[in-house]
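Every number for a ligand or one of its atoms is a count from 1 in the order of the listing.
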Amino acid sequence: MSVILVTGGTGLVGKAIEYVIQNEPEGSRFGRRPGEKWIFASSRDADLRDAKQTLDLFEKHKPTHVIHLAALVGGLFANRERKATFLRDNSLINDNVLHTARITKTQKVISCLSTCVFPAKIDYPLTEEKVHLGPPHDSNFGYAYAKRMVDVQNHAYKEEFGCNFTSAIPTNVFGPHDNFDLKHAHVIPALIHKCYLAQKNGTPFKVMGDGSPLRQFIYSRDLAKLFIWQLREYDHVEPVILSVDEHDEISIRDVANSIVRAFKFDAGAQFENELNDNGQDRKPASNAKLLGLIGEFQFTPFEQALDETISWFLDNYANARIGQTSH
Ligand SMILES: NC(=O)C1=CN([C@@H]2O[C@H](COP(=O)(O)OP(=O)(O)OC[C@H]3O[C@@H](n4cnc5c(N)ncnc54)[C@H](OP(=O)(O)O)[C@@H]3O)[C@@H](O)[C@H]2O)C=CC1
Ligand SMILES: C[C@H]1O[C@H](OP(=O)(O)OP(=O)(O)OC[C@H]2O[C@@H](n3cnc4c(=O)[nH]c(N)nc43)[C@H](O)[C@@H]2O)[C@@H](O)[C@@H](O)C1=O
């Protein structure tokens with residue numbers, strides 16, 4: 001029997017893994033398999049900043065495998081405002097999870113980094129071996145250093161204790177169950193919520209920055225499949241970038257216009273044009289390692305994924321996260 005504990009199981013990515021496990025054919029590459037028990041934990045099950053609560057969670061479920069997603073997460077503006085909190089909370093969470101996994105002899109842990117952990121000044125595309133080659137972008141260095149340390153910890157735990165710990169590096173994620181907070185969310189959920197309000201109230205749809213930055217976006221349900229693949233089929237300490245193709249960058253202007261189209265919002269988007277709100281210009285990441293290992297993988301077309309996300313938002317507005325960041 002395998003017991004797979006998903007920390008952060010109630011968030012954007014955790015909910016997508018739950019969806020895929022429930023909806024893909026049983027026994028298939030990404031579906032539930034016989035002898036597997038999946039546990040999706042929230043912060044109410046254990047505040048993973050606390051060592052005792054972390055140990056209690058592991059002792060309760062006795063996981064053989066952990067997909068470690070729990071984190072203090074937010075978009076550019078949340079990261080820019082709360083660097084010490086992002087650094088401390090995420091450092092505590094990661095240290096507790098990895099230490100507890102080691103002392104309880106958990107067979108495997110996949111932790112989650114982000115492409116924003118890479119150096120701000122580096123040759124593109126980003127590839128797995130470039131994580132530590134220079135300081136991250138100033139806008140999110142608290143979060144970035146906490147996340148980078150996971151890769152250091154994974155290597156240390158492997159060398160000293162032989163642990164099978166590894167990490168995934170996703171790009172900007174979006175999908176159902178995202179955090180749609182107007183100020184602190186990532187760009188897609190924030191703009192969906194803003195456009196919804198602009199249409200409802202007859203007010204302008206304001207987009208931060210000048211629209212020029214480029215990002216790669218991955219649909220949460222695609223990312224979920226990639227995590228399940230990594231759990232079952234990848235046993236090396238080195239991280240894997242989980243991303244669409246490096247050439248599939250989209251400008252924030254195009255993202256805003258796609259949202260305008262999806263809402264049929266005649267007034268269109270207005271760009272605030274404050275250059276210091278752009279964040280990083282771009283950070284294209286290569287998925288060559290991923291595709292070399294997984295073989296064929298069909299990513300959901302961006303517009304389809306966006307439509308599904310907007311439908312979910314409209315259907316679930318009453319219960320969606322539209323307040324602050326998760327903590
Ligand atoms: N969203 C994105 O664009 C990207 C995300 N990532 C990474 O992916 C992972 C998942 O992110 P995402 O799903 O977007 O995040 P969400 O904010 O949607 O969810 C965060 C999850 O972590 C849990 N959590 C937060 N703090 C604690 C805590 N102190 N103790 C226990 N659980 C906690 C939350 O529980 P609760 O529901 O109880 O609040 C929730 O389940 C994270 O590691 C993130 O850093 C990487 C790249 C991009
Ligand atoms: C995934 C990654 O997410 C964060 O970095 P980011 O890639 O900059 O992500 P973002 O989604 O917040 O913004 C993308 C772009 O979009 C523009 N933008 C326009 N209007 C809104 C807006 O309303 N909200 C937001 N958030 N951005 C907006 C914004 O100016 C920027 O140019 C990291 O801190 C880090 O936490 C991390 O891991």
**Contact partition for Tyr143 relative to ligand 1, non-hydrogen atoms under 4.0 Å** = side chain
**Request:** May I have the step-by-step check of side-chain hydrogen bond (donor to acceptor under 3.5 Å, both in side chains) for Asn94 and His68, ending in yes or no?
**Result:** CA-CA 8 Å; Asn94 296 335; His68 170 39; 2.8 Å; yes
**Prompt:** Side-chain heavy atoms under 4.5 angstrom apart, residues restricted to Ile, Leu, Val, Met, Phe, Trp, Tyr: same cluster for Val66 and Phe161?
**Reply:** yes
**Prompt:** Leu92: which other cluster members, linking ILVMFWY side chains closer than 4.5 Å, directly or transitively?
**Reply:** none
**Asked** Is the shortest side-chain N to carboxylate O distance from Glu233 to Arg29 below 4.0 Å?
**Response** yes
**Asked** Are Arg32 and Glu24 ion-paired here, with the side-chain N under 4.0 Å from a carboxylate O?
**Response** no
**Item:** For Thr171, atoms of ligand 1 separated by under 4.0 Å from a heavy atom
**Value:** 47 (C), 48 (C)
**Prompt:** Would you say Ala41 has any N or O atom under 3.5 Å from an N or O of ligand 1, going by distance alone?
**Reply:** no
**Message:** Run the side chain to side chain donor-acceptor pair (under 3.5 Å) test against Asn257 and tell me which residues pass, sequence neighbours left out.
**Reply:** none
**Identity of the nearest option to atom 2 (C) of ligand 1, non-hydrogen atoms only, from Arg44, His68, His186** = His186
**Request:** Using a cut-off of 6.0 Å, state whether more than 12 heavy atoms not belonging to Lys158 lie near its atom NZ.
**Result:** no
**Asked** Can you name the residues that come within less than 4.0 Å of ligand 2, going by heavy atoms only?
**Response** Gly74, Gly75, Leu76, Phe77, Asn79, Ser114, Cys116, Asn140, Tyr143, Asn172, Ala185, His186, Val187, Ala190, Leu191, Lys194, Val207, Met208, Pro213, Arg215, Ile252, Asp277, Asn278, Lys283
**Request:** Taking the side chain as every heavy atom from C-beta outward, state whether Val173 and Phe217 have any atom pair closer than 4.5 Å.
**Result:** no
**Request:** Over 60° means perpendicular and under 30° means parallel, so classify the ring planes of Phe86 and Tyr143, tilted if in between.
**Result:** perpendicular
**Asked** For ligand 1, is any non-hydrogen atom under 4.0 Å from His177's backbone (N, CA, C, O), its side chain (CB onward), both, or neither?
**Response** neither
**Message:** I'd like to check which ligand 1 atoms, numbered from 1 as shown, lie under 4.0 Å from a non-hydrogen atom of Ile93.
**Reply:** 28 (C), 29 (N)
**Asked** In terms of atom number and element, which parts of ligand 1 are under 4.0 angstrom from non-hydrogen atoms of Asp47?
**Response** 28 (C), 29 (N), 30 (N)
**Asked** Side chain or backbone of Lys147 under 4.0 Å from ligand 1, or both, or neither, by non-hydrogen atoms?
**Response** side chain
**Prompt:** Does the pair Asp50/Lys52 count as a salt bridge with the N-to-O cut at 4.0 Å?
**Reply:** no
**Item:** Distance filter under 4.0 Å to Asn172 heavy atoms, resulting ligand 1 atoms
**Value:** 3 (O)
**Complete:** So the atoms of ligand 1 within less than 4.0 Å of a heavy atom of Val13 turn out to be 10 (C), 13 (O)
**Asked** Can an N or O of Gly14 be found at a distance shorter than 3.5 Å from an N or O of ligand 1?
**Response** no
**Fill in**
If you compare Val150, Leu113, Leu223 by their heavy atoms, the one closest to atom 46 (C) of ligand 1 turns out to be Leu113
**Request:** Can you measure from CG (Leu12) to NE2 (His177) and round to the nearest 0.5 angstrom?
**Result:** 9.0 Å
**Request:** Within a distance under 4.0 Å of any heavy atom of Ala46, pick out the atoms of ligand 1 and give their elements.
**Result:** 30 (N), 31 (C)
**Asked** Are the charged groups of Glu36 and Arg33 less than 4.0 angstrom apart, N to O?
**Response** no
**N or O contact, Leu12 vs ligand 1, cut-off under 3.5 Å** = yes
**Complete:** Quick look: Val73 vs ligand 1, heavy-atom contacts under 4.0 Å, and the answer is side chain
**Message:** Trp229: which residues meet the side chain to side chain donor-acceptor pair (under 3.5 Å) condition with it, sequence neighbours left out?
**Reply:** none
**Prompt:** Applying the side chain to side chain contact (heavy atoms under 4.5 Å, CB included) test to Asn90, which of Val73, Leu72, Asp95 qualifies?
**Reply:** Leu72
**Asked** Does ligand 1 have an atom that lies less than 4.0 angstrom from a heavy atom of Arg321?
**Response** yes
**Message:** Between ligand 1 and Asn90, can you find any atom pair, the residue atom being a heavy atom, that is separated by under 4.0 Å?
**Reply:** no
**Prompt:** How about Asp178 and Phe180: do any of their side-chain heavy atoms sit closer than 4.5 Å?
**Reply:** yes
**Message:** Considering Ser111, Ala146, Ser43 one by one, which has a heavy atom nearer to atom 38 (O) of ligand 1 than any of the others?
**Reply:** Ser43
